[in-house]
Amino acid sequence: MDKYLGDDDKTAQFEAMAMPHLDAAYNLARWLTRDQHDADDLVQNAYLRAFRFADGFRGGDVRAWLLTIVRHTYYSALRDGQAQRGDISFDEALHGDDESTDPAAIVASRDTGRTVNAALAQLPQAFREVLVLKEMDDLSYKQIAQVTETPIGTVMSRLARARKLLLAYLKHGEQDGI
């Protein structure tokens, strides 16, 4: 019986530690996989891995630790030959919270969101990854360096290049009437 109580304690501790970061984990997974269902599977596998190895967590930034596990789980799946599904960009209509009830404002907001998401999807993986972690998940340079296992200088460089490329893609899209 004590064995089961220990498991319940571990589960409760893990939930208290990891669940507040579920949205950040899903957001990263969504941008890595570019598919809602694959992102769900990725987060589930990553959280299972995190739970399994939670005893190895020695303190520090839980969010960065979890996002590192999400990232490693994704790249392990790619390495192991699990093919990435179609290249589907983030759908603002599914995930946006439009508080406006004005149909024109809703359409304009969705069009802008789709344009930005399409431009973001064009970024090379390494640039998109740091931009998502910084701008959407609001991680610090240090946390991003920890998650991506790269030096802070590389993170800053990739972030600067990602922002320039994104801006160029957005400007190009405006010229094409997108």
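Nothing here was measured: the structure is a model prediction, and the numbers come from that model.
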Note to self: Please give me the minimum heavy-atom distance between Leu165 and Phe127, naming the atom from each residue.
What the structure shows: CD1-CD1, 3.5 Å
Next item on the list: Could you tell me the separation between the CG atom of Asp38 and the CZ atom of Arg30, rounded to the nearest 0.5 Å?
Entry: 9.5 Å
Next item on the list: Name all pairs fulfilling the side-chain hydrogen bond (donor to acceptor under 3.5 Å, both in side chains) condition that reach into residues 154-168, sequence neighbours left out, sorted by first residue then second.
Entry: Glu135-Arg163
Notebook entry, point to check: For Val116 and Leu170, which heavy atoms make the closest approach, and how far apart are they?
Noted result: CA-CD2, 3.9 Å
Margin query: Looking at Ala121, is its backbone amide N or carbonyl O close enough to the side chain of Arg34 to form a donor-acceptor pair, meaning the two atoms are under 3.5 Å apart?
Written below: yes
Next item on the list: Pick out which of Val70, Thr68, Val155, Ile69 makes a side chain to side chain contact (heavy atoms under 4.5 Å, CB included) with Val147.
Entry: Thr68
Next item on the list: Anything under 30° is parallel, anything over 60° is perpendicular, the rest tilted; go ahead and classify Phe57 against Trp65.
Entry: tilted
Next item on the list: First locate atom CG of Leu67, then atom CD of Glu129, and finally report the distance between them rounded to the nearest 0.5 Å.
Entry: 10.0 Å
Notebook entry, point to check: Is there a path of hydrophobic side-chain contacts, each under 4.5 Å between heavy atoms of I, L, V, M, F, W or Y residues, that connects Phe53 with Leu22?
Noted result: no
Item checked: Contact check, side chains of Glu149 and His72, non-hydrogen atoms, under 4.5 Å -> yes
Note to self: Do Phe51 and Glu15 have side chains that approach each other closer than 4.5 Å (heavy atoms only, starting at C-beta)?
What the structure shows: no
Check: Are the side chain of Tyr74 and the backbone N or O of Leu28 linked by a donor-acceptor pair below 3.5 Å?
Finding: no
Checklist line | Shared hydrophobic cluster for Leu167 and Leu159 (ILVMFWY, side-chain gaps under 4.5 Å) | finding: no
Next item on the list: Tell me whether Tyr75 is reachable from Val132 by hopping between hydrophobic residues (I, L, V, M, F, W, Y) whose side-chain heavy atoms are closer than 4.5 Å.
Entry: yes
